[in-house]
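Here's the structure, in C-alpha coordinates; my notes come after.
These figures come from a predicted structure and were not determined experimentally.
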Amino acid sequence: MNLILVRHGQAVRSLNDEERRLTHWGAKSSYMNFLYFQEFLPKIDIVFSSPLTRAAETAEILHSLYHVENDLIKSDSLSPGCRTEYVLNLIEGYEDKNVAVVGHLPDVANILSDLCSGSGMSADFSPGTVAWLGFGGKIREGGGTLRMLLPPKN
(Lines give C-alpha, C1' and ligand atoms only; values in the text may rest on other atoms or scores of the structure.)
Protein backbone atom coordinates (compact mmCIF):
# COMPACT_ATOMS: atom_id res chain seq x y z
CA MET A 1 0.00 0.00 0.00
CA ASN A 2 1.00 3.55 -0.63
CA LEU A 3 -0.18 6.35 1.63
CA ILE A 4 0.11 9.89 0.36
CA LEU A 5 -0.04 12.56 3.07
CA VAL A 6 -0.76 16.07 1.80
CA ARG A 7 -0.86 19.36 3.62
CA HIS A 8 -3.43 21.69 2.09
CA GLY A 9 -2.18 24.41 -0.23
CA GLN A 10 -1.54 28.00 0.79
CA ALA A 11 -4.76 29.62 2.03
CA VAL A 12 -6.00 33.16 2.50
CA ARG A 13 -5.91 34.68 5.95
CA SER A 14 -9.38 34.89 7.42
CA LEU A 15 -11.07 35.20 10.78
CA ASN A 16 -13.08 32.02 10.14
CA ASP A 17 -10.53 29.20 10.04
CA GLU A 18 -12.97 26.61 8.67
CA GLU A 19 -13.81 28.66 5.58
CA ARG A 20 -10.30 29.73 4.53
CA ARG A 21 -9.97 29.16 0.78
CA LEU A 22 -6.86 28.46 -1.25
CA THR A 23 -5.08 31.45 -2.69
CA HIS A 24 -4.57 31.49 -6.45
CA TRP A 25 -0.94 30.52 -5.85
CA GLY A 26 -2.02 27.79 -3.37
CA ALA A 27 -4.28 26.17 -5.96
CA LYS A 28 -1.76 26.53 -8.79
CA SER A 29 1.22 25.24 -6.82
CA SER A 30 -0.80 22.28 -5.51
CA TYR A 31 -1.82 21.39 -9.05
CA MET A 32 1.77 21.65 -10.31
CA ASN A 33 3.07 19.57 -7.41
CA PHE A 34 0.46 16.85 -7.98
CA LEU A 35 1.17 16.87 -11.72
CA TYR A 36 4.87 16.31 -11.01
CA PHE A 37 4.14 13.66 -8.36
CA GLN A 38 1.93 11.80 -10.85
CA GLU A 39 5.09 10.90 -12.80
CA PHE A 40 6.21 8.79 -9.82
CA LEU A 41 2.86 7.40 -8.67
CA PRO A 42 0.43 7.45 -11.61
CA LYS A 43 -2.62 6.09 -9.78
CA ILE A 44 -4.49 7.04 -6.63
CA ASP A 45 -7.48 4.90 -5.71
CA ILE A 46 -9.14 6.96 -3.00
CA VAL A 47 -8.81 10.45 -1.51
CA PHE A 48 -9.78 11.42 2.03
CA SER A 49 -9.87 15.04 3.18
CA SER A 50 -10.46 17.24 6.14
CA PRO A 51 -13.79 19.02 5.65
CA LEU A 52 -12.19 22.47 6.10
CA THR A 53 -12.41 24.46 2.87
CA ARG A 54 -8.68 24.79 2.12
CA ALA A 55 -8.09 21.05 2.57
CA ALA A 56 -11.19 20.08 0.60
CA GLU A 57 -10.16 22.38 -2.28
CA THR A 58 -6.68 20.84 -2.30
CA ALA A 59 -8.17 17.35 -2.25
CA GLU A 60 -10.50 18.21 -5.14
CA ILE A 61 -7.50 19.26 -7.25
CA LEU A 62 -5.75 15.97 -6.48
CA HIS A 63 -8.93 13.94 -7.03
CA SER A 64 -9.63 15.59 -10.37
CA LEU A 65 -6.07 15.43 -11.72
CA TYR A 66 -5.81 11.73 -10.89
CA HIS A 67 -9.30 10.96 -12.26
CA VAL A 68 -10.07 8.99 -9.08
CA GLU A 69 -13.07 6.74 -9.66
CA ASN A 70 -14.23 6.73 -6.03
CA ASP A 71 -15.89 9.81 -4.57
CA LEU A 72 -13.78 12.22 -2.53
CA ILE A 73 -14.43 11.43 1.14
CA LYS A 74 -14.46 14.29 3.64
CA SER A 75 -14.01 13.16 7.23
CA ASP A 76 -14.27 15.17 10.42
CA SER A 77 -11.55 12.94 11.87
CA LEU A 78 -9.07 14.72 9.57
CA SER A 79 -9.91 18.17 10.98
CA PRO A 80 -7.15 19.99 12.88
CA GLY A 81 -6.08 17.89 15.84
CA CYS A 82 -6.10 14.66 13.82
CA ARG A 83 -4.04 11.84 15.28
CA THR A 84 -2.34 8.87 13.68
CA GLU A 85 -4.87 6.37 15.00
CA TYR A 86 -7.69 8.35 13.33
CA VAL A 87 -5.96 7.97 9.97
CA LEU A 88 -5.27 4.28 10.56
CA ASN A 89 -8.96 3.71 11.38
CA LEU A 90 -10.05 5.72 8.35
CA ILE A 91 -7.92 3.83 5.83
CA GLU A 92 -8.50 0.38 7.30
CA GLY A 93 -9.58 -1.99 4.56
CA TYR A 94 -7.62 -0.17 1.84
CA GLU A 95 -4.31 -1.98 2.43
CA ASP A 96 -4.00 -2.88 -1.25
CA LYS A 97 -4.72 0.63 -2.53
CA ASN A 98 -2.98 3.94 -3.11
CA VAL A 99 -4.66 6.22 -0.58
CA ALA A 100 -4.28 10.00 -0.26
CA VAL A 101 -5.08 11.92 2.91
CA VAL A 102 -5.27 15.73 2.87
CA GLY A 103 -4.97 17.46 6.21
CA HIS A 104 -3.34 20.14 8.32
CA LEU A 105 -0.14 21.00 10.16
CA PRO A 106 1.13 19.81 12.59
CA ASP A 107 -1.03 16.71 12.13
CA VAL A 108 0.40 15.49 8.80
CA ALA A 109 3.98 15.94 10.05
CA ASN A 110 3.21 14.04 13.26
CA ILE A 111 1.49 11.24 11.33
CA LEU A 112 4.46 10.96 8.97
CA SER A 113 6.80 10.69 11.95
CA ASP A 114 4.64 8.06 13.68
CA LEU A 115 4.23 5.90 10.59
CA CYS A 116 7.83 6.05 9.37
CA SER A 117 9.86 6.00 12.50
CA GLY A 118 7.80 6.30 15.63
CA SER A 119 10.78 8.18 17.04
CA GLY A 120 9.85 11.80 16.48
CA MET A 121 11.46 12.49 13.12
CA SER A 122 10.87 15.97 11.81
CA ALA A 123 9.85 17.03 8.30
CA ASP A 124 9.18 20.44 6.78
CA PHE A 125 5.53 20.39 5.70
CA SER A 126 4.98 23.78 4.11
CA PRO A 127 1.55 24.30 2.48
CA GLY A 128 1.10 21.97 -0.49
CA THR A 129 3.77 19.44 0.52
CA VAL A 130 3.26 15.80 -0.51
CA ALA A 131 4.73 12.86 1.41
CA TRP A 132 4.69 9.38 -0.12
CA LEU A 133 4.89 6.49 2.35
CA GLY A 134 5.17 2.87 1.29
CA PHE A 135 4.17 -0.13 3.38
CA GLY A 136 5.29 -3.68 2.61
CA GLY A 137 2.60 -5.22 4.75
CA LYS A 138 0.07 -4.10 7.30
CA ILE A 139 -0.04 -0.38 7.90
CA ARG A 140 1.32 0.25 11.36
CA GLU A 141 3.24 2.82 13.31
CA GLY A 142 6.93 2.66 12.48
CA GLY A 143 6.26 0.33 9.52
CA GLY A 144 6.34 2.84 6.67
CA THR A 145 9.12 3.90 4.36
CA LEU A 146 9.32 7.51 3.24
CA ARG A 147 9.66 7.26 -0.53
CA MET A 148 9.37 10.96 -1.32
CA LEU A 149 8.86 14.30 0.40
CA LEU A 150 7.89 16.83 -2.23
CA PRO A 151 7.64 20.51 -1.32
CA PRO A 152 5.28 22.71 -3.37
CA LYS A 153 6.29 23.90 -6.82
CA ASN A 154 6.61 27.61 -7.55
- Query: Short question: side chain of N70, backbone of V47 - any donor-acceptor pair under 3.5 Å?
  - Reply: no
- In Å and rounded to the nearest 0.5 Å, what is the CG to CZ distance from L115 to R140? 10.5 Å
- Could you note down all residue pairs passing ring-ring contact (aromatic ring centres under 6.0 Å, His included) where residues 48-72 supplies at least one of them, sequence neighbours left out? F48-Y94
- Message: Within this structure, what is the CG-CD1 distance for the pair L3 and I111, rounded to the nearest 0.5 Å?
- Response: 8.5 Å
- Query: Where do V102 and A55 come nearest, in terms of heavy atoms and distance?
  - Reply: CG1-O, 3.5 Å
- Task: Go through the structure and list residues passing side chain to side chain donor-acceptor pair (under 3.5 Å) with S126, not counting sequence neighbours.
- Result: T129
- Query: Of all residues at least two apart in sequence or in a different chain, which pass the side chain to side chain donor-acceptor pair (under 3.5 Å) check with E95?
  - Reply: none
- Message: Between L22 and V130, is there shared hydrophobic-cluster membership here, with clusters defined by ILVMFWY side-chain heavy atoms closer than 4.5 Å?
- Response: yes
- By side chain to side chain donor-acceptor pair (under 3.5 Å), T23 pairs with (sequence neighbours left out) Q10
- Hits for ring-ring contact (aromatic ring centres under 6.0 Å, His included) against F135, two or more places apart or cross-chain, chain-then-number order -> none
- Note on the structure: Residues at least two apart in sequence or cross-chain that pass side chain to side chain donor-acceptor pair (under 3.5 Å) with N98, listed by chain then number, are N2
- Task: Locate the shortest heavy-atom distance separating P127 from P152; write the atom from each residue and the value.
- Result: O-CG, 3.1 Å
- Query: CG of D96: more than 12 outside heavy atoms within 6.0 angstrom?
  - Reply: yes
- Apply side-chain contact (heavy atoms from CB on, under 4.5 Å) to S14 and list each qualifying residue two or more places apart in sequence or on a separate chain. N16, R20
- Query: Y86 and L88: same hydrophobic cluster, using ILVMFWY side-chain contacts below 4.5 Å?
  - Reply: no
- Message: Taking G26's backbone N and O only, do any of them form a donor-acceptor pair with S30's side chain (distance below 3.5 Å, no angle check)?
- Response: yes
- Message: Rounded to the nearest 0.5 Å, what separates atom OG1 in T84 from atom CD1 in I139?
- Response: 12.5 Å
- Message: Can you pull out every salt bridge (Lys or Arg N to Asp or Glu O under 4.0 Å) where at least one residue sits in residues 77-94? Sequence neighbours excluded, please.
- Response: R83-E85
- Message: Filter on side-chain hydrogen bond (donor to acceptor under 3.5 Å, both in side chains), then keep only pairs touching residues 41-57, sequence neighbours left out; what's left?
- Response: H8-R54, D17-R54, R21-E57, K43-D45, S50-H104
Taking distance alone, no hydrogens or angles, what donor-acceptor pairs closer than 3.5 Å link side-chain atoms of residues 72-82 to residues at least two apart or in another chain?
{"residue": "S75", "atom": "OG", "partner": "S77", "partner atom": "N", "Å": "3.2"}
{"residue": "S75", "atom": "OG", "partner": "S77", "partner atom": "OG", "Å": "2.7"}
{"residue": "S79", "atom": "OG", "partner": "D76", "partner atom": "O", "Å": "3.0"}

- Compare all side-chain heavy atoms of M148 with those of L41 and state whether any distance is below 4.5 angstrom. no
- Nearest atoms (heavy-atom pairs only) where N33 meets G128: ND2-O, 3.0 Å
- Separation between CG of L5 and CG of N110, rounded to the nearest 0.5 Å: 11.0 Å
- Taking salt bridge (charged side-chain N to carboxylate O under 4.0 Å, His left out) as the test, write out the residues that go with R147, two or more places apart. none
- Query: Is it the case that one hydrophobic cluster holds both V87 and F125, taking links as side-chain heavy atoms less than 4.5 Å apart, direct or via other members?
  - Reply: yes
- Message: L35: which residues meet the side-chain contact (heavy atoms from CB on, under 4.5 Å) condition with it, sequence neighbours left out?
- Response: Y31, Q38, L65
- So, W132 versus F40, ring centres under 6.0 angstrom or not? no
- Minimum side-chain heavy-atom gap V6-V108 below 4.5 Å: no
